[in-house]
Chemist: 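Got a structure here, written out as structure tokens. Questions coming.
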Protein chains: 2
Amino acid sequence: MRITKKERQKKLVQALEADPFMTDEQMAKLCQVSIQTIRLDRMELGIPELRERIKLMAESNFDRVRSLAPQEVVGEVIDLQLDQSGVSILEIKKEHVFERNGIARGHFLFAQANSLAIGLVDAEVALTISAEIRFLRPVHINEKCVCYAKVVKSQFSRTYIEVRTKVNSEEVFYGKFVVFRQKKK
Amino acid sequence: MRITKKERQKKLVQALEADPFMTDEQMAKLCQVSIQTIRLDRMELGIPELRERIKLMAESNFDRVRSLAPQEVVGEVIDLQLDQSGVSILEIKKEHVFERNGIARGHFLFAQANSLAIGLVDAEVALTISAEIRFLRPVHINEKCVCYAKVVKSQFSRTYIEVRTKVNSEEVFYGKFVVFRQKKK
DNA sequence: TATACTCTTAGTACTAGGTATTAAAAGGTG
DNA sequence: CACCTTTTAATACCTAGTACTAAGAGTATA
């Protein structure tokens with residue numbers, strides 16, 4: 001016995017973390033033991049077989065891809081008057097919050113506001129130039145952030161937009177955005 | 001022959017788009033044809049078998065999971081002196097940019113900066129209170145954003161952090177963050 | 001009507017990467 | 001030496017296929 005069972009199992013877990021696509025055969029070679037030993041190890045450790053592992057990975061990302069892939073806008077736009085105002089909603093889920101305390105990471109609120117501000121501008125190219133933002137109170141998991149954006153001024157190639165995000169009519173985020181635009185449609 | 005071959009194949013593609021986890025058997029039932037017909041259809045359409053499909057999904061998201069799942073931080077932290085300074089790198093990929101023009105959406109640069117600023121603060125709870133940010137030039141796909149954050153002041157329960165993001169020593173983003181902190185570790 | 005042709009179904013052999021089970025060998029410890 | 005854990009081996013079976021051959025069904029064409 002070269003290394004102990006415990007050590008081998010530890011090694012296995014690490015190896016699978018680095019490359020979850022290993023077959024039992026490959027693991028057996030890696031650990032210099034028989035395939036049966038590997039299978040017993042997987043049993044003990046509660047590690048499913050390759051195909052199950054792959055499936056779990058694919059499934060877990062499938063939802064995420066679906067909910068995050070239409071990434072052009074963060075949050076669901078429910079109202080939009082181009083060059084005037086818009087409203088979007090973002091429900092804070094576990095992927096948005098700090099594990100530790102369940103408080104939403106600021107950049108998601110920013111992303112919602114930024115997306116809406118950009119989406120508001122009726123131009124071929126619209127890019128954020130600058131922003132002044134304020135996080136007024138922490139937002140928690142399961143809260144629905146309703147984001148209101150309003151164009152306050154449009155000068156030369158710049159659009160000035162004011163954004164307020166509320167949770168139950170309580171303001172949680174405020175931002176002033178300056179957006180650069182090029183060539184009206 | 002109820003529906004034509006073309007119609008059936010169209011149906012198949014749509015069904016698989018909605019649920020890529022279907023076996024040939026399930027598809028056969030769905031289309032009211034034999035399993036062999038489904039296999040011929042897959043051949044013609046160049047659709048791989050279930051296991052291959054699942055594997056492709058898992059693989060394609062594996063990289064993304066790696067780079068995005070440790071979501072506590074957007075970007076890879078390569079240097080960190082708590083309460084002093086830190087550096088992180090974010091490579092702009094296709095999921096970060098506007099499809100239209102290949103320019104990075106601002107909120108990713110913000111997220112990188114915000115994450116680093118929060119990560120810099122050595123406290124149990126650290127939350128962004130406000131930020132003043134400026135996007136100095138557009139960042140394109142494949143560019144590597146190196147983000148430098150520096151604590152400039154720490155007063156009461158607030159930490160003031162300055163962040164500069166560069167691409168090839170050219171400044172692309174600048175931000176001043178105010179971070180709230182609670183209870184030192 | 002017979003023939004040609006596409007479409008569909010059936011059946012067999014084989015594959016990877018396993019599970020589940022039983023049994024035997026190897027190794028270390030009291 | 002006996003006991004017990006650990007490891008290996010062997011066998012039957014499973015799923016979701018591939019690869020291939022062959023035959024039947026349905027339709028159009030000479």
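Any value given below was found using the heavy atoms of this structure, including those in side chains, with hydrogens, waters and symmetry copies removed. All figures in this text were calculated on a predicted structure; none of them were measured in a lab. Proteins come first, then strands; the chains are lettered A, B, ... in the order of their sequence lines, and each starts at number 1.
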Chemist: Between B:F110 and B:F177, is the ring pair (Phe, Tyr, Trp, His ring centres under 6.0 Å) condition met? List the steps.
Modeler: CA-CA 11 Å; B:F110 176 82; B:F177 286 79; 5.6 Å; yes

Chemist: To the nearest angstrom, how far is B:M43 atom CE from C:dC7 atom C1'?
Modeler: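 Atom CE in B:M43 sits about 16 Å away from atom C1' in C:dC7.
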
Chemist: Of the options C:dG17, D:dT7, D:dG17, whose atoms approach the side-chain atoms of A:T37 most closely?
Modeler: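 Selected nucleotide (nearest to the side chain): D:dT7.
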
Chemist: Tell me whether B:E162 is salt-bridged to B:R164, with the criterion being a basic N under 4.0 Å from an acidic carboxylate O.
Modeler: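 Answer for the salt bridge query: yes.
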
Chemist: Could you please name the option among C:dA10, C:dT19, C:dT8 that lies closest to any side-chain atom of B:Q36?
Modeler: C:dA10

Chemist: Side chain of B:V33: nearest nucleotide among D:dT7, C:dT9, C:dT8?
Modeler: C:dT9

Chemist: Rounding to a whole Å, what distance do you find between A:E49:CD and D:dA16:C1'?
Modeler: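 About 12 Å, once rounded to whole Å.
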
Chemist: Pick the nucleotide of DNA chain D nearest each of B:R51 and B:R39; which residue has the one closer to the 5' end?
Modeler: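 On the 5' side of the pair lies B:R51.
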
Chemist: Write down the distance between CG (B:L45) and P (C:dC7), rounded to a whole number of angstrom.
Modeler: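 One finds 13 Å between P of C:dC7 and CG of B:L45, rounded.
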
Chemist: Rounded to the nearest Å, what distance is computed from the CD atom of residue B:E7 to the P atom of nucleotide C:dC7?
Modeler: 14 Å

Chemist: Roughly, in whole Å, what's the span from CD1 in A:I38 to P in C:dG18?
Modeler: 11 Å

Chemist: As a test of reading the structure: which of D:dT6, D:dG17, C:dA10 is closest to the side chain of B:L50, going by heavy atoms?
Modeler: D:dG17

Chemist: Please work out if A:I35 contacts a base, only the sugar-phosphate, or nothing of the nucleic acid, heavy-atom cut-off 4.0 Å.
Modeler: nothing

Chemist: I'd like to know if the side chain of B:R53 and the backbone of B:I47 have a donor-acceptor N/O pair within less than 3.5 Å.
Modeler: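 The answer is no, because no donor-acceptor pair under 3.5 Å joins these two groups.
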
Chemist: Give one of base, sugar-phosphate or nothing for A:R42, where a contact means two heavy atoms less than 4.0 Å apart.
Modeler: sugar-phosphate

Chemist: Have a look at A:R53 and say if it touches a base, only the backbone sugar-phosphate, or nothing, with a 4.0 Å heavy-atom cut-off.
Modeler: nothing

Chemist: For B:R158 and B:F180, indicate whether the former's side chain and the latter's backbone hold a donor-acceptor pair under 3.5 Å.
Modeler: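 Side chain of B:R158 to backbone of B:F180: no pair is present.
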
Chemist: Does the distance from a Lys or Arg side-chain N to an Asp or Glu carboxylate O, for B:E52 and B:R42, drop under 4.0 Å?
Modeler: no

Chemist: I want to verify a distance call: between C:dG17, C:dA10, D:dG17, whose nearest atom is closest to the A:T23 side chain?
Modeler: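 Between C:dG17, C:dA10, D:dG17, the one nearest the side chain of A:T23 would be C:dG17.
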
Chemist: Rounded to whole Å, how long is the line connecting atom CG of A:D41 with atom P of C:dG18?
Modeler: 14 Å

Chemist: Grab the CD1-C1' distance between B:I47 and D:dG17 for me, whole Å please.
Modeler: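 Interatomic distance, CD1 of B:I47 to C1' of D:dG17: 15 Å.
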
Chemist: Calculate the interatomic distance between A:E25 atom CD and C:dT15 atom P; express it in whole Å.
Modeler: 14 Å

Chemist: From C-beta outward on A:D24, which listed nucleotide comes closest to its side chain: D:dT8, C:dT9, C:dT19?
Modeler: C:dT19

